[in-house]
Amino acid sequence: MSEIKVNSIKGVGASAAAITVNNTDGTCTANITNNLSNRNLIINGAMQVAQRGTSSTSTGYQTVDRINPYHGGTDEAPTYAQADVASGTTPYTLGFRKCFKITNGNQTSGAGAGDQIAFRYKIEAQDIANSGWNYLSSSSFITLSFWIKSSVAQAFSGSLETKDGTSYFFKYDTPSLSADTWTKVTKTISGNSNLVFNNDHGAGLAFNLYGFIGTTYTTSNSDTETWVTGSDKFANNMTSTWYTTNDATLEITGVQLEVGSVATDFEHRSFGQELALCQRYYYKNVIDGIVIFSDYNNSTSNFWATMFLPTTMRADPTATVTNVLSGFISSTDTSEHMLSFQSSAGTTYFGATTIVEASAEL
């Protein structure tokens, strides 16, 4: 039988090889795009976890964990919410059940140059530095992918933004979306010799997507999908159709950022896994029993209660307590591992309605 010798194997109609064979030693390399684990640098990209609540009109971390939306210059505040992905749609058929939804208010004065409504996500610098992406090389890549749906037919703009050293922006546009139709967006991002990511727990890279952003912060699309500097590089110039349409909606889910030039299948993690990852940044405990402050060092003016955190937080958190049953908290002492609360007015009680929160967000 004669030998069959090839140096690559392709699928019918495929442009890239599935398997490449080294002609010298016979070893082969496979182009694998199945659901590999531990590659998504985004936490809660399927929008499953919402410890704080499911709806808010305030900026910052208010609803879906790790999502840090912002609005400015608006006549009416938008509503940010965790929402359901409708059954029978794609991405529902791919296992997505939740999304982050922005509902625009009534922007009666139109689109101002300083107006904006933004979806934002920040990644720790050390997660980029240790990801395996050679971010200083223009031939090394990361790939961003996400699902997006708008009630208004138009394209949207956004950027990746570095946070260490000189800020660099990688601007991108979505395709022109059909109204009320989910679309998957994929962007491949090369490295750049000027990028800086410190090996620490500070903010390193931000993912921005805008429902609208005014011309104070935008430029033309001549420098799209390349790393640029400047204070007005947050996005490309945008149409204001969505922004000026009363109660227009914008939904996003399935956010993934991974090393490599190919967008692989979304890395689905269980709710418990996502919750544990989110608790590095925010932890909420509704007390399910009575906690009585003990008398520390036999001083009637120094009562303490200590709560150990379920995971090590990103940094020493800011702690808050609401609905104390009796007494009051005079001070708090926090670390990445635990919270300590002091009462100087006698015994203090935490009960079934007491809420303890710890935040170490970027």
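Everything quoted here is computed from the prediction, not taken from an experiment.
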J.: Do Trp242 and Leu250 come within less than 4.5 Å of each other through their side chains, counting heavy atoms only?
T.: yes
J.: Ring-plane angle category for Tyr135 and Phe197, please: parallel below 30°, perpendicular beyond 60°, tilted otherwise.
T.: perpendicular
J.: Of all the heavy-atom pairs spanning Ser167 and Thr229, show the shortest one and how long it is.
T.: O-CG2, 3.6 Å
J.: Tell me which pairs pass salt bridge (charged side-chain N to carboxylate O under 4.0 Å, His left out) where either residue lies in residues 119-145, with sequence neighbours left out.
T.: Glu124-Arg280
J.: Closer than 3.5 angstrom, by distance alone: can the side chain of Gln107 be matched with the main-chain N or O of Glu76 as a donor-acceptor pair?
T.: yes
J.: Would Leu257 end up clustered with Tyr168 when hydrophobic side chains under 4.5 Å apart are linked, directly or stepwise?
T.: yes
J.: Does Gln273 offer a backbone N or O that forms a donor-acceptor pair with the side chain of Ser270 under 3.5 Å?
T.: yes
J.: Decide side-chain contact (heavy atoms from CB on, under 4.5 Å) for His337 and Phe308; before the verdict, give the C-alpha distance in whole Å, the side-chain angles of both, and the deciding distance to 0.1 Å.
T.: CA-CA 6 Å; His337 311 287; Phe308 289 94; 5.6 Å; no
J.: Would you say Val85 and Leu209 are hydrophobically clustered, going by side-chain heavy atoms of ILVMFWY under 4.5 Å?
T.: no
J.: About how many Å separate NE2 of His71 and CZ of Phe212, when rounded to the nearest 0.5 Å?
T.: 15.0 Å
J.: Please answer whether the main-chain N or O of Ser109 pairs with a side-chain N or O of Asp75 as donor and acceptor at a distance below 3.5 Å.
T.: yes
J.: Can you run down the salt bridge (charged side-chain N to carboxylate O under 4.0 Å, His left out) pairs that involve residues 312-330, sequence neighbours left out, and say none if there aren't any?
T.: none
J.: Does Asn208 reach the main-chain N or O of Glu161 with its side chain, forming a donor-acceptor pair under 3.5 Å?
T.: no
J.: If the condition is salt bridge (charged side-chain N to carboxylate O under 4.0 Å, His left out), which residues does Glu361 pass it with, not counting sequence neighbours?
T.: Arg52, Arg66
J.: Do NZ/NE/NH1/NH2 and the carboxylate oxygens of Lys98 and Asp84 come within less than 4.0 Å?
T.: yes
J.: Test your reading of the model: is there a side-chain donor-acceptor pair from Thr63 to the backbone of Ser55, 3.5 Å cut-off?
T.: no
J.: Nearest 0.5 Å, what's the OG1-CD1 distance between Thr322 and Ile355?
T.: 4.0 Å
J.: Under the 3.5 angstrom rule, does the side chain of Asp164 hit a backbone N or O of Ala125 as a donor-acceptor pair?
T.: no
J.: What pairs with Glu225 under salt bridge (charged side-chain N to carboxylate O under 4.0 Å, His left out), at least two apart in sequence or on another chain?
T.: Lys187
J.: Please report the interatomic distance OG1(Thr89) to CG(Leu94), rounded to the nearest 0.5 Å.
T.: 9.0 Å
J.: With distance as the sole test, does Asn44 use its side chain to make a donor-acceptor pair with the main-chain N or O of Asp65 at under 3.5 Å?
T.: yes
J.: For residues 211-224, which residue pairs qualify under salt bridge (charged side-chain N to carboxylate O under 4.0 Å, His left out), counting only residues two or more places apart or in two chains?
T.: Lys171-Asp223, Asp223-Lys233
J.: Could you grab the distance from atom CD1 of Ile42 to atom CD1 of Ile123, nearest 0.5 Å is fine?
T.: 4.0 Å
J.: Other hydrophobic cluster members with Leu275, side-chain heavy atoms of Ile/Leu/Val/Met/Phe/Trp/Tyr under 4.5 Å, chained?
T.: Val49, Phe271
J.: Could you pull out all residues at least two apart from Thr224 that satisfy side-chain hydrogen bond (donor to acceptor under 3.5 Å, both in side chains)?
T.: Asn236
J.: Show me the donor-acceptor pairs within less than 3.5 Å that the side chains of residues 138-147 make with the rest of the protein, sequence neighbours left out.
T.:
| residue | atom | partner | partner atom | Å |
| --- | --- | --- | --- | --- |
| Ser139 | OG | Ser137 | OG | 2.9 |
| Ser140 | OG | Asn134 | N | 3.2 |
| Thr143 | OG1 | Gly260 | O | 2.6 |

J.: Same hydrophobic cluster for Tyr283 and Ile43, using side-chain heavy-atom links shorter than 4.5 Å among ILVMFWY?
T.: no
J.: Could you walk me through whether Leu339 and Leu309 pass the side-chain contact (heavy atoms from CB on, under 4.5 Å) test, one step at a time?
T.: CA-CA 7 Å; Leu339 312 176; Leu309 297 165; 4.0 Å; yes
J.: Out of Gln256, Glu258, Lys184, which one pairs with Phe266 under the side-chain contact (heavy atoms from CB on, under 4.5 Å) rule?
T.: Gln256
J.: With sequence neighbours left out, which residue pairs that include part of residues 169-193 fulfil the ring pair (Phe, Tyr, Trp, His ring centres under 6.0 Å) condition?
T.: Phe169-Phe234, Phe170-Trp227
J.: Give the C-alpha distance, both sets of side-chain angles, the deciding distance and a yes or no for side-chain contact (heavy atoms from CB on, under 4.5 Å) between Ile128 and Trp133.
T.: CA-CA 7 Å; Ile128 299 296; Trp133 175 38; 4.0 Å; yes
J.: Run the side-chain contact (heavy atoms from CB on, under 4.5 Å) check on Thr174 and Leu177 step by step: do they pass?
T.: CA-CA 8 Å; Thr174 73; Leu177 307 182; 4.2 Å; yes
J.: With the 4.5 Å side-chain cut-off for hydrophobic clustering, are Ile148 and Ile213 part of the same group?
T.: yes
J.: Is there a side-chain contact between Ile117 and Tyr210, using heavy atoms and a 4.5 Å cut-off?
T.: no
J.: Asn130 vs Asn199, test: side-chain hydrogen bond (donor to acceptor under 3.5 Å, both in side chains). Steps then yes/no.
T.: CA-CA 8 Å; Asn130 295 291; Asn199 190 23; 2.9 Å; yes
J.: Who pairs with His201 by ring-ring contact (aromatic ring centres under 6.0 Å, His included), at least two apart in sequence or on another chain?
T.: none
J.: If we only count heavy atoms from C-beta on, is the Ile252 to Cys99 side-chain gap below 4.5 Å?
T.: no
J.: Given 3.5 Å as the limit, does a donor-acceptor pair link the side chain of Thr181 with the main chain of Ala179, or not?
T.: yes
J.: Got a second to check how far Met313's CE is from Tyr281's OH, nearest 0.5 Å?
T.: 10.0 Å
J.: Check ring-ring contact (aromatic ring centres under 6.0 Å, His included) between Phe119 and all other residues, then give those that pass, not counting sequence neighbours.
T.: Phe100, Phe207
J.: Please give me the minimum heavy-atom distance between Ser151 and Ala248, naming the atom from each residue.
T.: OG-CA, 3.4 Å
J.: Please determine whether residues Val321 and Ile287 belong to a single hydrophobic cluster, defined as Ile, Leu, Val, Met, Phe, Trp and Tyr linked transitively by side-chain heavy-atom distances below 4.5 Å.
T.: yes
J.: Donor-acceptor pair, distance only, cut-off 3.5 Å: does the side chain of Asn198 make one with the backbone of Asp200?
T.: no
J.: Look at the side chain of Asp115 and the backbone N and O of Thr74, then say whether any donor-acceptor pair between them is shorter than 3.5 Å.
T.: no
J.: Name the one of Asp173, Thr218, Asn237, Asn221 that satisfies side-chain hydrogen bond (donor to acceptor under 3.5 Å, both in side chains) with Ser157?
T.: Asp173
J.: Pairs in or reaching into residues 269-279: which pass salt bridge (charged side-chain N to carboxylate O under 4.0 Å, His left out), with residues at least two apart or in two chains?
T.: Glu267-Arg269, Arg269-Glu274
J.: Is there a side-chain contact between Thr103 and Pro78, using heavy atoms and a 4.5 Å cut-off?
T.: no
J.: Just do the side-chain hydrogen bond (donor to acceptor under 3.5 Å, both in side chains) check on Ser340 and Thr306 with the steps written out, would you?
T.: CA-CA 4 Å; Ser340 295; Thr306 297; 3.3 Å; yes
J.: Atom NZ in Lys101, atom OG1 in Thr253: separation rounded to 0.5 Å?
T.: 13.5 Å
